[in-house]
Amino acid sequence: MTSTALPATAPNGAATRQPLPRALARMLSLDDFEAAAQRRLPRPIFGYVAGAAEDNQSLQDNRHAFAQYAFMPRVLVDVSRRTQQTELFGRQYASPFGIAPMGISALSAYRGDVVLARAAREQNIPAILSGTSLIALEDVIREAPGTWFQAYLPGDPAKIDALVERARRAGYETLVLTVDIPVSANRENNVRTGFSTPLKPSLRLAWDGLTRPRWLAGTFLRTLMAHGMPHFENSFATRGAPIVSASVLRDFTARDHLSWEHVARIRKQWPGTLIIKGILHPRDAALARQHGADGVIVSNHGGRQLDGAISPLRALPGVVAAAGGMTVMMDSGVRRGGDVLKALALGARFVFVGRPFNYAAAVGGQAGVSHAIDLLRAEVDRNMAMLGINNVREMDASLLWRDGPVGP
């Protein structure tokens, strides 16, 4: 059964979609996808996606930080010409948000990385392919040109050079270096929920699969029959490399010695846009600019690395001040259109959203991701109208309150 859930005219003139399946029509916000995905996914896989490090302090504060800001809207403003189109690195996107990189999403949804990238391309927003995805980067860029690639750097310069060259040959134009993983995080949640890489047989997984037949047949068995056992594809110089670890924690060999010298080396080699992801300290933003980065993503890895690390929203103003005009983006904790606008008001040029789009893919495949994008886009549009702005560039600190006006 189906139900029409979208208005006749979507924000920014986006194409009106076909009636939604009833299961998707019930999804009214990004948070709705999480509850639905929890019912659909085996506990180890949902636990991996939802979990963070140690006591979840950073995970929780990523949301709490947004709640500490209130809006101060302007009224009696003609807002009939609203647009949220945003230029980023010379390209016009339909909205000021994109899809953050998420590892092993092909275990949440069939061909999950392709699903996310296709939906993003259809909706004209950027998607970042994770370096720990289970689908070869060449396959994803072929299905969705314009996708960005996130690299987890190997341990030595020769392997770094080879991975960067592989991404260039595949046709990627934007390279995102994630730099906040010198060592593996203490993700106790993975142990408690029984998650491991590679996915090992267990009584818990077997029972969860049998009691979640849509995931078992629609994702896992379908993947096995069409593509074989999923394995890491994008941390190596060539596609088809084997899984390198059979433990709960993946092998991040020798990343504790990586430094800004490696960034300088990559900058000389990489001809496209270079972004540094995982910046929280203003001094590192300045160093990124000095080493030729085109932009930074302020991120604490969704709370999945250093527990107790400052939330990106709190770090954002200091990073923007130190960036010297370099493009500053952020991720972590964004769940509503109001969150997107608060980040823009504090200086972010763009915002990336992770877990909710993963959940949307698990619930509804590409249609689910597209619906999630529509929901967030509609929230941004409504909030712009009620704030009294016609363009996202008008969103500034003067429209925020936190124990007093944030801006003039």
What's the shortest heavy-atom distance between [X] and [Y], and which atoms?
X	Y	answer
Leu280	Val298	CD2-CG1, 4.0 Å
Gly302	Ala52	O-CB, 4.2 Å
Ser332	Ser299	OG-OG, 3.8 Å
Asp78	Asn390	O-ND2, 2.7 Å
Pro101	Gln150	CB-OE1, 3.6 Å
Ala100	Asp331	CB-OD2, 4.5 Å

Taking the basic N atoms (NZ, or NE/NH1/NH2) and the acidic carboxylate oxygens, is any pair closer than 4.0 Å for [X] and [Y]?
X	Y	value
Arg26	Asp32	no
Arg166	Glu138	yes
Asp284	Arg289	no

Salt bridge (Lys or Arg N to Asp or Glu O under 4.0 Å), that's the test. Do Arg267 and Asp294 meet it? Break it down for me.
CA-CA 10 Å; Arg267 177 70 284 180; Asp294 298 294; 2.9 Å; yes
So, [X] side chain and [Y] main chain: donor-acceptor pair closer than 3.5 Å or not?
X	Y	result
Asp55	Gln57	no
Thr219	Leu107	no
His227	Leu224	no
Tyr172	Leu137	yes
Asp156	Lys159	yes
Arg222	Ala217	no
Gln84	Arg377	yes
Asn124	Gln92	yes

Inter-residue atom distance [X].[atom1] - [Y].[atom2], 0.5 Å rounding:
X	Y	atom1	atom2	value
Leu376	Ser95	CG	OG	7.5 Å
Gln60	Asp307	CD	CG	8.5 Å
Ser133	Leu116	OG	CG	10.5 Å
Met72	Leu399	CE	CG	7.0 Å
Glu173	Trp270	CD	CH2	8.5 Å

Measuring only between side-chain heavy atoms, which start at C-beta, is [X] closer than 4.5 Å to [Y]?
X	Y	value
Lys342	Phe71	yes
Ile276	Val263	yes
Leu163	Tyr152	no
Phe149	Thr174	no
Met102	Ser130	no
Val79	Met384	no
Arg314	His64	yes
Met329	Val296	no

Sequence neighbours excluded, the answer for side chain to side chain contact (heavy atoms under 4.5 Å, CB included) partners of Gln38 is Phe46
Lys NZ or Arg CZ of Lys277 over Phe352 ring: under 6.0 Å, within 45°
no
Quick check: are there more than 12 heavy atoms from other residues, nucleotides or ligands sitting under 6.0 Å from [atom1] of [X]?
X	atom1	answer
Glu261	CD	no
Arg283	CZ	no
Arg63	CZ	yes

Qualifying residues under salt bridge (charged side-chain N to carboxylate O under 4.0 Å, His left out), relative to Arg336, sequence neighbours excluded
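By the salt bridge (charged side-chain N to carboxylate O under 4.0 Å, His left out) rule, Arg336 matches Glu379.
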What I want to check is whether the side chains of [X] and [Y] have a donor and an acceptor closer together than 3.5 Å.
X	Y	value
Asn62	Ser311	no
Gln68	Asp403	no
Glu188	Asn186	yes
Arg349	Thr327	no
Asn358	Ser108	yes

Using 30° and 60° as the class boundaries, would you call the ring planes of Phe220 and Trp215 parallel, tilted or perpendicular?
parallel
Using the six-membered ring wherever Trp is involved, compare the ring planes of Phe33 and His371 and label them parallel, tilted or perpendicular (cut-offs 30° and 60°).
perpendicular
Please step through side chain to side chain donor-acceptor pair (under 3.5 Å) for the pair Gln269 and Arg168, ending with a clear verdict.
CA-CA 10 Å; Gln269 180 186 2; Arg168 187 197 65 79; over 6 Å; no
Show your working on side chain to side chain donor-acceptor pair (under 3.5 Å) between Ser29 and Asp31 and close with a plain yes or no.
CA-CA 5 Å; Ser29 71; Asp31 279 344; 5.3 Å; no
The test is side chain to side chain donor-acceptor pair (under 3.5 Å); show your working for Glu122 and Ser370 and say whether it passes.
CA-CA 8 Å; Glu122 177 187 88; Ser370 291; 3.1 Å; yes
Verdict with supporting geometry, Arg187 and Gln305, side chain to side chain donor-acceptor pair (under 3.5 Å):
CA-CA 8 Å; Arg187 298 184 189 173; Gln305 278 301 110; 3.2 Å; yes
Checking Asn300 against Asp180 for the side chain to side chain contact (heavy atoms under 4.5 Å, CB included) test, could you report, in this order, the C-alpha distance in whole Å, the side-chain angles of both residues, the deciding distance, and whether it holds?
CA-CA 8 Å; Asn300 64 13; Asp180 57 0; 5.9 Å; no
Testing Arg118, Arg111, Arg121 one by one against Glu143 for a salt bridge (Lys or Arg N to Asp or Glu O under 4.0 Å), which residue passes?
Arg118
In sequence, state the C-alpha distance, the side-chain angles, and the governing distance for Leu153 and Leu177, and then conclude on side chain to side chain contact (heavy atoms under 4.5 Å, CB included).
CA-CA 7 Å; Leu153 299 183; Leu177 302 181; 3.8 Å; yes
Test side chain to side chain contact (heavy atoms under 4.5 Å, CB included) on Trp401 and Val406; report intermediate values, then the result.
CA-CA 5 Å; Trp401 176 280; Val406 177; 5.6 Å; no
Kindly indicate, with the supporting measurements, whether the criterion side chain to side chain contact (heavy atoms under 4.5 Å, CB included) is fulfilled by Tyr359 and Leu30.
CA-CA 9 Å; Tyr359 299 140; Leu30 294 190; over 6 Å; no
